[in-house]
Enquirer: 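Before I ask anything, here is the structure I am working with.
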Amino acid sequence: DIGLNQSVNTVRDKDTHGYVLYDKLLKAIADGLINPFGPSSAAGVALINSIQVNDEVRHARGTMTSLDFKASRSLMRMDGGDMSLAVGGELRRERTVFTPSALLMSDNINNDFAPEGGRGTDDARNVGGIFGELLVPFSKQWEAQLAVRHDHYQGVGGANSPKLGLRYQPSKDLLFRASIGSGFRAPSMSDLYRPLVVSSTATLPDPVSCAANDNDLSICADNWTTRRYSNPNLKPERSRQYTLGMIFEPSRQWTFSADYWNIKRTDLISEIGDDIILGNLAKYGNLVHRSEDGDIDYIELRKENRGAQIATGLDLAVELHGIKTEFGKFSARMLGTVMLDSKIQTNPGDKYVSNLGKFVTDGVVQRWRHRLTLGWEHGDYALNLGNTYYSGYDDQNSAINIDDGSIVAANKVKAYSLWDLSAAYNYNKSLTVRAGVQNLLNTTPPFSNQANFFISGYDPSYTDPRGRFFYVSAQYSFK
């Protein structure tokens with residue numbers, strides 16, 4: 001088999017409805033035409049309308065073109081079937097282009113100023129990979145799979161990813177499986193080449209200032225400027241993982257499965273958290289740049305290969321394949337994950353810090369999450385009801401009110417549960433029409449006092465504030 005694929009992703013950022021030309025705004029305020037503290041005259045309103053920006057200020061385009069191939073054949077007959085070999089490979093060209101507008105780079109848009117060090121970028125690289133898989137059915141009960149893959153990223157290097165899998169099926173209704181292997185993740189082109197990004201921290205205390213001001217957080221805490229740097233010298237992340245699981249099918253209608261997994265990632269591509277930097281100035285003080293008077297000028301956040309992450313969990317699945325009745329066919333599926341451990345290490349030699357069931361630095365790992373689907377089919381009609389669930393956790397509980405120096409009250413983020421409903425109709429063998437409701441109950445995200453993301457009041461990493469919405473789609477298959 002040979003395949004040729006190309007994908008293109010384009011992102012456009014447009015300033016409109018509220019962004020105005022900065023120089024003309026300042027002149028109008030100085031001339032008294034615009035009142036920044038209250039209503040302006042008719043002439044002032046007309047001027048505001050005339051200096052409105054309605055331009056695309058950022059344009060990003062990513063292109064990936066790939067050629068892949070694979071082939072397989074039987075090698076010899078064994079007690080459990082044919083020993084077979086599969087080989088394949090891929091050649092890929094990746095390119096990203098970022099173009100800021102001339103108006104943006106002129107630094108003349110109020111509240112959207114030119115980024116420090118901002119520039120257009122055009123980066124590309126070639127990626128190649130080959131793999132081989134050997135299936136060895138020793139007997140009707142025992143089967144082994146041996147696989148190895150080699151990938152090479154231009155400018156980064158290459159790595160081998162081996163895997164060994166075993167399967168044992170003592171009866172038709174019971175199967176055991178296990179695997180062990182290693183992997184890697186190459187740095188993205190954004191990790192390698194992204195221009196400098198100037199941002200700010202959440203409200204954090206500066207230990208130096210706090211020591212000089214009796215730990216008065218209303219004085220020594222602030223949103224400090226950060227400078228985020230990419231790193232063209234990044235290495236790939238490495239991982240090793242193993243799994244052990246079973247599948248049990250007591251009848252044609254029911255399937256149960258459980259899989260334990262254990263993953264350790266090293267050489268993580270990450271930045272040191274700004275809260276960790278300020279919390280350990282003895283070790284990371286060189287990343288805090290100060291002005292002559294000792295105040296923080298900016299905090300340096302640079303992509304590096306550092307630290308590790310360990311995660312273990314149990315994937316559970318229950319499936320009802322379909323019960324036929326005079327009212328139609330009913331089915332159900334539940335896929336869930338119990339997290340048993342999750343901990344992160346900032347640098348080699350540092351202590352691991354658990355983020356299981358609690359928000360740490362930039363995120364949380366919930367102890368339980370699942371996806372439940374209930375289905376019904378009757379002739380050309382079908383209904384599906386789904387539920388997505390995330391368990392609650394201990395909040396970040398570190399946000400500071402700089403007006404009075406108080407810290408937010410401890411909060412427990414509630415569980416997040418969303419229900420979806422969809423209906424489908426097969427008009428004929430080629431055309432299927434579907435309509436549905438996402439977030440059927442119009443559930444809002446649970447309150448969170450996290451201070452890592454710019455958006456406050458909830459955690460945007462896994463919740464959706466948009467509420468209930470409807471959709472209609474049609475699928476046509478050429479047969």
Side-chain angles (χ1 to χ4, degrees), residues 78-86 131-151 159-185 236-268 307-321 332-345 352-357 364-373 388-391 393:
M78 300 186 70
D79 290 344
D82 289 341
M83 176 191 292
S84 56
L85 174 68
F131 70 88
E133 296 181 7
L134 184 65
L135 183 66
V136 186
F138 299 109
S139 67
K140 296 295 184 182
Q141 291 79 33
W142 287 95
E143 181 179 281
Q145 181 188 43
L146 297 90
V148 64
R149 180 182 178 97
H150 178 82
D151 292 277
N160 296 317
S161 301
K163 178 183 176 181
L164 170 64
L166 289 174
R167 189 178 104 156
Y168 173 58
Q169 187 169 0
S171 63
K172 290 183 178 180
D173 56 7
L174 185 62
L175 182 147
F176 297 94
R177 56 190 176 188
S179 68
I180 185 171
S182 64
F184 87 111
R185 184 184 78 85
E237 293 181 354
R238 305 286 176 166
S239 69
R240 66 103 183 100
Q241 54 273 334
Y242 63 87
T243 66
L244 179 64
M246 61 173 292
I247 302 174
F248 178 50
E249 292 186 346
S251 68
R252 292 183 178 180
Q253 285 77 34
W254 290 98
T255 299
F256 303 88
S257 69
D259 290 277
Y260 170 83
W261 50 267
N262 183 302
I263 300 174
K264 181 177 182 180
R265 297 165 58 206
T266 55
D267 290 330
L268 292 183
Q309 179 183 31
I310 295 176
T312 63
L314 190 64
D315 289 339
L316 303 173
V318 179
E319 187 169 1
L320 178 63
H321 296 288
R333 170 185 286 187
M334 193 283 293
L335 303 176
T337 298
V338 182
M339 289 299 302
L340 303 176
D341 191 18
S342 177
K343 51 190 178 183
I344 51 179
Q345 180 190 57
Y352 281 90
V353 177
S354 174
N355 61 350
L356 179 60
V364 62
V365 174
Q366 289 92 346
R367 293 182 181 275
W368 170 257
R369 60 180 64 186
H370 73 239
R371 175 64 182 175
L372 172 67
T373 305
T388 302
Y389 180 89
Y390 298 86
S391 62
Y393 57 90

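Worth saying up front: this structure is predicted, and the values here are computed from it rather than measured.
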Enquirer: What pair of heavy atoms forms the shortest contact from Leu335 to Ala317, and how long is it?
Expert: CD2-CB, 3.6 Å

Enquirer: Mind checking whether Val338 and Leu316 have side chains closer than 4.5 Å, heavy atoms only?
Expert: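 The answer is yes; the side chains approach within 4.5 Å.
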
Enquirer: Testing the basics here: between Asp267 and Glu237, what is the closest heavy-atom pair and its distance to 0.1 Å?
Expert: O-CG, 3.3 Å

Enquirer: How long is the span from the CZ atom in Arg238 to the CZ atom in Phe184, to the nearest 0.5 Å?
Expert: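 Nearest 0.5 Å value for the CZ-CZ distance: 7.0 Å.
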
Enquirer: Indicate the atoms forming the closest heavy-atom contact of Ser239 with Arg265, along with that distance.
Expert: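 Taking Ser239 first and Arg265 second, the nearest heavy atoms are CB-CG, 4.1 Å.
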
Enquirer: Just so I know, are the side chains of Phe138 and Met78 near enough to count as touching, which here means a heavy-atom distance under 4.5 Å?
Expert: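 Yes; the side chains approach each other to less than 4.5 Å.
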
Enquirer: Say whether, by atom type as modelled, one donor and one acceptor occur between the side chain of Ser391 and the main chain of Trp368 under 3.5 angstrom.
Expert: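 Yes; at least one donor-acceptor contact below 3.5 Å.
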
Enquirer: Is Val148 close to Lys163 at the side-chain level, that is, under 4.5 Å between some pair of heavy atoms?
Expert: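 Answer no - side chains too far apart.
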
Enquirer: Can Thr243 and Asp259 be said to form a side-chain hydrogen bond (donor to acceptor under 3.5 Å, both in side chains), step by step?
Expert: CA-CA 7 Å; Thr243 66; Asp259 290 277; 5.6 Å; no

Enquirer: From Gln241 CD over to Thr312 OG1, what is the distance, rounded to the nearest 0.5 angstrom?
Expert: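 One gets 13.5 Å once the value is rounded to the nearest 0.5 Å.
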
Enquirer: In sequence, state the C-alpha distance, the side-chain angles, and the governing distance for Glu133 and Leu85, and then conclude on side-chain contact (heavy atoms from CB on, under 4.5 Å).
Expert: CA-CA 6 Å; Glu133 296 181 7; Leu85 174 68; over 6 Å; no

Enquirer: How long is the span from the CD1 atom in Ile310 to the CD atom in Gln345, to the nearest 0.5 Å?
Expert: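 These two atoms lie 8.0 Å from each other.
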
Enquirer: Between CZ of Arg185 and OG of Ser161, what distance do you get to the nearest 0.5 Å?
Expert: 13.5 Å

Enquirer: Is it true that the side chains of Thr337 and Asp315 contain a donor and an acceptor less than 3.5 Å apart?
Expert: yes

Enquirer: Please verify the inter-ring angle class for Tyr389 with His370; under 30° counts as parallel, over 60° as perpendicular, anything in between as tilted.
Expert: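 Judged by the thresholds at 30° and 60°, the geometry between Tyr389 and His370 is parallel.
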
Enquirer: Taking all non-hydrogen atoms of both residues, which atom of Ala311 and which atom of Trp261 are closest, and how far apart?
Expert: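 So the minimum-distance heavy-atom pair works out to O-CZ3, 3.6 Å.
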
Enquirer: Phe248 and Trp254: side-chain contact (heavy atoms from CB on, under 4.5 Å), yes or no, with the steps?
Expert: CA-CA 8 Å; Phe248 178 50; Trp254 290 98; over 6 Å; no

Enquirer: Do you know which two heavy atoms are closest between Ser182 and Pro162, and how far apart they sit?
Expert: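 Heavy atoms of Ser182 and Pro162 come nearest at OG-CD, 3.0 Å.
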
Enquirer: To the nearest 0.5 Å, how far apart are OG1 in Thr255 and CZ in Arg333?
Expert: 9.5 Å

Enquirer: Does any non-hydrogen side-chain atom of Leu175 lie less than 4.5 Å from one of Met246?
Expert: no

Enquirer: Using the side-chain contact (heavy atoms from CB on, under 4.5 Å) rule, take Asn355 and Val364 through it: C-alpha gap first, then chi angles, then the decisive distance, then the call.
Expert: CA-CA 6 Å; Asn355 61 350; Val364 62; over 6 Å; no

Enquirer: Using the rule given for side-chain contact (heavy atoms from CB on, under 4.5 Å), can you reason through Leu146 versus Val136, listing the C-alpha separation, both sets of side-chain angles and the distance that settles it, and then say yes or no?
Expert: CA-CA 8 Å; Leu146 297 90; Val136 186; 4.1 Å; yes

Enquirer: Answer yes or no: are there more than 12 heavy-atom neighbours, outside Arg177 itself, under 6.0 Å from its atom CZ?
Expert: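 Atom CZ in Arg177 is packed in, count exceeds 12.
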
Enquirer: Can you find a pair of side-chain heavy atoms, one from Lys343 and one from Val353, that are under 4.5 Å apart?
Expert: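 They are not in side-chain contact.
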
Enquirer: Could you check if a side-chain atom of Phe256 sits within less than 4.5 angstrom of a side-chain atom of Pro250, using non-hydrogen atoms only?
Expert: yes

Enquirer: Rounded to the nearest 0.5 Å, how far does CZ of Arg252 lie from CG of Asp173?
Expert: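 If we round to the nearest 0.5 Å, Asp173:CG and Arg252:CZ are 13.0 Å apart.
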
Enquirer: Please report the shortest heavy-atom distance between Leu340 and Leu356, naming the atom on each side.
Expert: O-CD2, 3.6 Å

